Amino acid sequence: MAVNIILLGPPGAGKGTQARRLVEERGLVQLSTGDMLREARSSGTEMGQRVAEVMDRGQLVTDEIVIGLIREKIEAGQGEGFIFDGFPRTLPQADALDALMAETGSQIDAVIEMRVDDEALVDRVSGRYTCGNCGEVYHDKTRPTKVEGTCDVCGSTDLRRRPDDNEDALKTRLLEYYKKTSPLIGYYYCKGNLRPVDGLAEIEAVAEAMAAAIDGEAASPAGQRTA
Ligand code: ADP
Ligand code: ADP
Ligand code: ZN
């Protein structure tokens, strides 16, 4: 049975890291609006150019643009299900997602809330680098590459830092999170599929807690709380 999962949490909470594991382990399709927007930027489309400045400042891109990106992917097909990483980030995006799911006869099975202290996010974000070729996520201290300068997964030496992973932009991103995204915690709590997970634990332990949260949900009738 296909499962659709949302990863909810502030910038640096570990959403991308865990999403990639779920792709590996469960064959889910990762839908990261951040990755899609960065791709649009680097491919130089008109939309990409328009959003670049907004992203670098740490503000949210308009709902219209991100909903359009997600719609295309959902309409392209399901597979084993989707893992939404960094979407939805506003209430209108959450409503649009519900409508899209209903149109395709599917539903959101679990919303994993990745809880991380604000103070930890500066360290998370300032140490982050990713592989430009395969997208693997690393960290200077907590998850460095085995060989310096070389991706463990694909061997590429194209390791990159994001322009918005600096303290100034992070402040704006965190403020955007509290103003616009954090209401989604209440929204999904009321819908009955919110699953909080301690995002401060080690990567492996977070993955285990998430697996338990997902499988607990899959075993229960849709939309009902088990806790
Ligand atoms: P993070 O690591 O901070 O969670 P992402 O890679 O998910 O960052 O997003 C990077 C930037 O892309 C955001 O700061 C925002 O400008 C834009 N973005 C990504 N997803 C969305 C979205 N769902 N709605 C609006 N803007 C988005
Ligand atoms: P998000 O997608 O939520 O912005 P990432 O998955 O990119 O977050 O993680 C942010 C940074 O923190 C990355 O450098 C990543 O390697 C590191 N990281 C992710 N999860 C953990 C964890 N549980 N413990 C320590 N570091 C982590
Ligand atoms: Zn790689």
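Nothing here was measured: the structure is a model prediction, and the numbers come from that model. Each ligand, and each atom within it, is numbered from 1 in the order the structure gives. Note that the numbering runs from 1 along the sequence shown for the chain.
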> For ligand 1, does Q93 get within less than 4.0 Å through its side chain, its backbone, both, or neither, judged by non-hydrogen atoms?
Replying inline: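 For Q93, the contact with ligand 1 is made by the side chain alone.
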Using a plain distance cutoff, I'd like to know if [X] has any nitrogen or oxygen under 3.5 Å from a nitrogen or oxygen of ligand 2.
X    : answer
T17  : yes
G127 : no
G12  : yes

Using heavy-atom distances only, which candidate in [options] approaches [atom] most closely?
atom                    : options          : answer
atom 18 (N) of ligand 1 : L31, L37, L121   : L37
atom 6 (O) of ligand 1  : R41, R38, E176   : R38
atom 5 (P) of ligand 2  : H139, R162, R128 : R128

> What are the two closest heavy atoms between R128 and R161, and how far apart are they?
Replying inline: O-NH1, 3.5 Å
So do [Y] and [X] actually touch side chain to side chain, heavy atoms under 4.5 Å?
X    : Y    : answer
R173 : V125 : yes
M210 : V197 : yes
L91  : Y187 : yes
P10  : Y178 : no

For [atom], the protein heavy atom that lies nearest, with its residue and separation:
atom                    : value
atom 9 (O) of ligand 1  : R89 NH2, 3.6 Å
atom 16 (O) of ligand 1 : Q59 O, 2.6 Å
atom 24 (N) of ligand 2 : R124 NH2, 3.4 Å
atom 20 (N) of ligand 2 : I203 CG1, 3.7 Å
atom 4 (O) of ligand 1  : K15 NZ, 3.0 Å
atom 8 (O) of ligand 2  : G14 N, 3.1 Å
atom 12 (O) of ligand 1 : M55 CE, 3.4 Å
atom 14 (O) of ligand 2 : Y138 O, 2.7 Å
atom 3 (O) of ligand 1  : R173 NH2, 2.6 Å
atom 2 (O) of ligand 2  : G16 N, 2.8 Å
atom 26 (N) of ligand 2 : T142 OG1, 2.9 Å

Polar contact flag for [X] and ligand 1 (N/O pairs, less than 3.5 Å):
X    : value
D164 : no
L60  : no
P88  : no

>> Would G9 count as a contact residue for ligand 2, given that I'm defining contact as a non-hydrogen atom of the residue lying under 4.0 Å from a ligand atom?
In response: no
> Judged by non-hydrogen atoms, does A201 sit under 4.0 Å from ligand 2?
Replying inline: yes
>> Taking 4.0 angstrom as the limit and counting only heavy atoms of V137, give me the atoms of ligand 2 inside it, by number and element.
In response: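 Result: 7 (O), 13 (C), 15 (C), 16 (O).
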>> Below a 4.0 angstrom heavy-atom separation, can you tell me which part of E202, side chain or backbone, both or neither, approaches ligand 2?
In response: backbone
> Checking side chain to side chain contact (heavy atoms under 4.5 Å, CB included) against I108, which of I5, I6, V3 comes through?
Replying inline: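 Result for side chain to side chain contact (heavy atoms under 4.5 Å, CB included) with I108: I6.
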> At the Zn ion (ligand 3), what's the angle from C151 SG to C134 SG, rounded to 10 degrees?
Replying inline: 110°
